[in-house]
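Working notes for the structure below.
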Amino acid sequence: MPVLAGPLPLVVLSRLLALAVLAPLVAVALSFLFARATGERRARVLAWCAYVPAGILLVTTLLGLVELGSLPPGYKQLFGGAVLLTRIGSYDASIGLALDGLSGPPLALVAALLLAAQAATVRAGSRAGVIAATNGLVTGASLALVADGTTGLTLGLAITSISIVALVGQVDATSWARLSLPGALAVAAIALSAGALFWGSAGSFTREGFVPDARVRFSSVDAGSKVLPRGLRGDDDDDDDRQPNKRPKGQQGTISLLSAPGARLFVDNQAAPFATAPFVRKPISAGGHSARLVLGDGADDVDLVGFKVLAGADTTLSLFVPATSFRDLALLVRARDLEGPLGVGSRLRAPVPGGSVLSWVLALAAVAGLFLTMAGAAARDPEPGRRAAILASAAVVSAYVVGRLAGTLGGEAVAPAVIGAVLSLAGLVAWRTADPEDAVPWTVAAHAGAGIAIASAGSPAVGVFHTMTAAAAGAVVLWGLAAARDRSDSRAPMLIRAGAMALGVVPPGAGVTWTALEGLRTTGGEASVAVAVALLLSFVGAAACWRAIPPDASAAPPEPPKNRKKKGVVVEEPPSPQALARVVATGLAPIAAVLGLLGSTSIIEGPMVRLARSAIPGDPGGSAPAGTVAVLAVGLAVLAALAWSRRSLPHGTMGPFDPTTLLARAGEAANALEAAVSRLLPGGRVR
Amino acid sequence: MRHFVAVVAALLALLTLPRAASADPFALRDVPATGLDLVVGATVGFTIANTSDKPLVVKARALTSDADPRLPGSVTVTTEARNPGAPLDPGGTARVTVRFSPGKSDRFHGFVAVEGEGVTRLVAIHGRPPTQYAHLLSLLVLLPFLGAAAALALGDRSARLGATTALSGTLAIALVAAGRFVPGLGRADGNDGFQLVERAVLVRPLGVEWYLGVDGASLPLVVSVLAAGLAACALSGAVTQAPARFLAAAQIAVGGAVLALVGVDLALVAGGFALALVCSALAVTVAGAPSSGRRVMFVAVAASVALALAVVLISSRGGSSMLVDGSSSPRALALTSLMRVSLVKGAPMLGLPFPALALLLVLVASVLVLPVTPLSSWLADVLDEAPPSVAMIPLALGPALGAYVLVRIGSFALPEAMAWAATGLAAFGAMSALVAGLGALAATRASQLVARLAAVHGGVVLLGAASLTATGLLGVLASAVAFTLALPLAGYLVASACARARTFELAELGGIGRGAPLGGGALAIALAALAGAPGFGGFWGAVLSVQGVIPSQRLAAVGAALALALAAGACGRSLLRAVVSPVPDRLAKSVALEAFGGRFPELTRAERVAVVPLALLLLALGFAPRLVFSVGERTALDMAAFVNPPGPGQIVRADAPAATLALLERLSGNRTRPAFVGWRKGCVS
């Protein structure tokens, strides 16, 4: 029976997460329903549709973060349930929702940013289609960030991609066509990445082909009071108020099962099911038990031959089968590592182009495609607030995907770290750019590259946090610059100053600095060189921003805003929800500062860093082979050179579908082939 | 004419007569000629009498085992004799009782084998539910044919009412069948995973049986084919040329497709396949599109001939088989018999291993109608020329039947060949999808775009079939269901919008959604489903197909994913132009839209009734894919077990009684494939 090398997560059920994902979906439908309505009712409904879903997401996330923070230290997770799509053989496609230390802060940031984006939309005139598309963006981004597994992540990124294309298509019709292809490519890449990761955990990719795991699959049980943190153990004397569930009394313990949603657990040959997965801390008598897990029609039942439930302790049942859930994958990697070189953890890092290597490459391709799509959409958006919000969301979601993959697989991955460093070349692009509204997005992209490098180097939470703070800072600068240009907001200089400092090393952007230094310090392996290069390049970008920002933009007193009363003209004041949204969004810089300061209380062991480390237990391991790294680096360098030459990022000259391109010619050739075959068929040509 | 009918009836009677039994050392009494009929929860029996002049050791056992579960586990056979275990005295008798306890399956067709002195006699046993539903599938198959006759009888004026009534009734029967379907019932539960089974001898010398049954692969497709066919008939009001004949041909086509889907005998599958395709072509021709009708006819005839040849080849090498009444046939046509036959033996044909040749023929039939690049031009031609509702018929039936025959015959009858062809099939599928994706991106005509999107789907289906994994095969089934709905819907909406705008050029179209939000929304849903966008029907099937092929064909998986992305990109572009963007000035001021005030007209009431349910179904499949997955999971798993048997470390071979296995092998002629190896529930190390 496998034994788990690291601690099991402390999981608490939370039904609110589902609400956060479903509310924007309902708002999308409502937006469409009221799109053709007229009058005040329409405006009111659309305003509700704009603010409520993002607001619910923000509040839910903050509540979740508070709840997570109130739990004892360790890797902990709020689990929002799961919906089974199919379970066939060992393939388990279910969409689960979970919030942990890695996904919580980015989710809060994205929620705030999208709330600000909705405020910008409402201010610009409440177009139903734009509100619906932004809500789609809220749905997709939130699903991607709280997805418990690769299926949910794929779906979330797909919805994000479609929504962003739909959004930009309404404000700039030509962009729809230009951006739909990279968006679709990103979705295809992430779906492939998820598949590669799943099959990598189900067998070995060898030179002779895929060799499925030949061992008989069975379940393992990890039991013992060590699973429960202090305060939840039955033998503790103190009654901890923070205990999420009622502590089992007397000679009782509890069992939890978070894998295989929808599966029914039968204990001790009883006819009625004991519980239906997922469940947490369900009381059961202490002592030895046997159980059968009925997985459904498409999979075989699994017998648990015997497991012991300790009095007053929680026993977590874990399926050690190929998985699509991040939690199960992480457990699988760590558990099987004890089996030596044949273990899944070792196998996934083996020097063959399968498993995690393939997953990494494809995931990075997906991240690149998604970032290009979102950044391209942001560049075409005429509304500055929405532009800044979308750009920052793009950086955060991209870095999160990498961080999550790194956290799941553990260890240090040199290839993605090198790719992150290559992406940080965007800092040099920023240096070449004179326009600050161009330099800032390039700098954010460079920071995202650094975040990816840090995450790949073994500190996923630090990498995500780094990107998050940079993205928030970039959004604030962009907003400030737009406000200064339009002379519409008296806070413009403050916004620009705060954001620009946060992009670099000056407080309140300390979070960026300290987490970056911590990331550099904690890695120490081969990837640390890539991390150092990436950080250097991202700071070059920050310096470029400082250089590009005109002194008068951050210092000159603004003109009176346009929405003041002018002689003979009454201009509407922004409604209060807009103001609230803008306040919330403006408050991101202080939030970033607070988070950064938390991280910087001690370089060695600040609480933020501890949280970052404990979010995903690290697992030192091997690295990708030098040959793969070289190939990837050269490939990425070529891509970067192409991007450089076309200056496509972020001003989105991604390239429309140009009939003269190779792609178009290939398409025409394909159609010519069809036509040639068609001529061979009987019957006259129809056209 | 009367004499002809009499002669045919006499011939049929002669052909269906069971063979006379030879002289045996024992006799079976109380056994009707058609076998024992028993109802769920009841028992039935017969008597074995020793007719020889010496003591006889005789045994009766159900022809099933854990290793080869031909009968449901709830069927038991017991022998009651005066001295249990002792030989029967001359003239002595023993009573055999067959019990059919309530269980997952409520019907079966099987055998009790009686052995003594080296002689084996088979007694056919037929289990059925107590009351109704006994002939549900026969009704399902025959009703569209009755509807066709009614359409012809009613004439042009009332034919549509008759057709929609008949197909509505058929769809209702299909839904009743779906309600009685037990999703988790697989091969291990008996009947080889087929449910609602009906079986009778049709043409004895040829071994053809009226053998119907549904499983997770066929049932969702039956429902989707009927839904699309019903929509096509309901929308046929605009067909002005010979509407009654069109509706008759359309209903026969739908009936043929249903026959191919629920047929377990390969003769029925091939016959239904040919009927469906040829009548689709006839429907297109009689409705006023002779040019594209000829093309569809060519495709239909070529595909039907290829499949018929494959069936003939398979049955010729399939050895002997047992018909439902216990008699023996020199050839095997039932899939349930062919599942137990290995066709690998024997000399190669045309330099190819025999199963490979048969599979190639099946593949030809499949790719012609799926469609697959570069053979998808017929689809664009139909959209260009035929009235929109007429085009729906071949568009609905082609993808459904193409995908079905490949996975059904390939997995169950030619598994070795599927494994042999997997790499080539995957490469071909990925390449054709990629070429189609590029073609979609460069498409200039709306009909061309729909055809290319369909061809991307065809390539992905081939890829999923080549995956040999349960995941990939389930993806194929889900894709086929989604595309059976999405392709005709998209085809109808595109063709009708183009007809209204009097142009098929994508560059000249625009603003459909502005003038007709409902029509534009439905078109957006259909195109998004065709492109495999999330939230729509085509997404999950495509994802599973591509993910399922990763372990064996990584490069092909990447190619197919790229193709899907290209299709999505092309779809996004077209959606913008056709649905979201404003009506182009030139079009708004054209004669075509002048009557509608320069805007596209909204769907008519009849169109809403037919189109909206299909669009909602596609949305439902996108948001709740378990509607299809829960039905198809067990079947996909069974198929995967055939084409890609689990390795020695993954299975525990069930303990089959050696005597039963030996008897099965002896009765089955040249059976060389190992008997079904089940996955033992709850493997424990």
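In what follows, chains are A, B, ... by sequence order, proteins preceding strands, each numbered from 1.
- Both the backbone and the side chain of A/Leu192 have a heavy atom closer than 4.5 Å to some heavy atom of chain B.
- Although no hydrogens or angles enter the test, the distance criterion places no donor-acceptor pair under 3.5 Å between the side chain of A/Trp199 and the main chain of B/Val549.
- At most 12 non-hydrogen atoms from other residues, nucleotides or ligands lie less than 6.0 angstrom from CE of B/Met431.
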Item to complete: Run the numbers on B/Phe629 and A/Leu84 for side chain to side chain contact (heavy atoms under 4.5 Å, CB included), then give the verdict.
Response: CA-CA 10 Å; B/Phe629 288 160; A/Leu84 175 68; over 6 Å; no
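- Among the candidates B/Ser376, B/Ala557, B/Pro183, the residue making the largest number of heavy-atom pairs closer than 4.5 Å to chain A is B/Ser376.
- Rounding to the nearest 0.5 angstrom, the gap separating the CH2 atom in B/Trp540 from the OG1 atom in A/Thr151 is 6.5 Å.
- Scanning all heavy atoms of the two residues, the minimum distance from B/Ala565 to A/Ala184 falls at O-CB, 3.4 Å.
- Per-residue heavy-atom pair counts under 4.5 Å with chain B were compared for A/Val83, A/Val187, A/Thr86, and the maximum is reached by A/Thr86.
- In this structure, chain B has no heavy atom under 4.5 Å from any part of A/Ala186.
- Counting only heavy atoms from C-beta outward, the side chains of B/Leu544 and A/Tyr91 approach each other to under 4.5 Å.
- Listed here is the closest heavy atom pair of B/Arg626 and A/Arg87: NH1-N, 4.3 Å.
- For a residue to count as touching a neighbouring chain, one of its non-hydrogen atoms must lie under 4.5 Å from one of that chain's; by this rule B/Phe504 does not touch chain A.
- Contact of A/Ile190 with chain B is not made at all, since no heavy-atom distance falls under 4.5 Å.
- Residue B/Leu564: no heavy atom, backbone or side chain, is found under 4.5 Å from chain A.
- Pairing each heavy atom of A/Ser180 with each of B/Gly569, the nearest pair is OG-O, 3.4 Å.
- Neither the backbone nor the side chain of B/Val628 has a heavy atom closer than 4.5 Å to any heavy atom of chain A.
- Residue B/Leu434: no heavy atom, backbone or side chain, is found under 4.5 Å from chain A.
- Separation of atoms CG (A/Leu295) and CD (B/Glu633) is listed at 11.0 Å; rounding is to 0.5 Å.
- Among all heavy-atom pairs drawn from B/Gln547 and A/Ala194, the shortest one is NE2-CB, 3.7 Å.
- When every heavy atom of B/Pro534 is checked against every heavy atom of A/Ile159, the shortest pair comes out as CG-N, 4.2 Å.
- Looking at B/Thr469, only its side chain comes within 4.5 Å of chain A, counting heavy atoms on both sides.
- B/Ile550 approaches A/Ala196 most closely through the heavy-atom pair CD1-N, 3.5 Å.
- Residues passing the ring-ring contact (aromatic ring centres under 6.0 Å, His included) test with B/Phe536: none are found, sequence neighbours excluded.
- When each of B/Ala561, B/Pro290, B/Ser630 is checked for heavy-atom pairs under 4.5 Å with chain A, B/Ala561 comes out on top.
- Ranked by heavy-atom pairs shorter than 4.5 Å toward chain A, the options B/Val543, B/Leu474, B/Val546 are led by B/Leu474.
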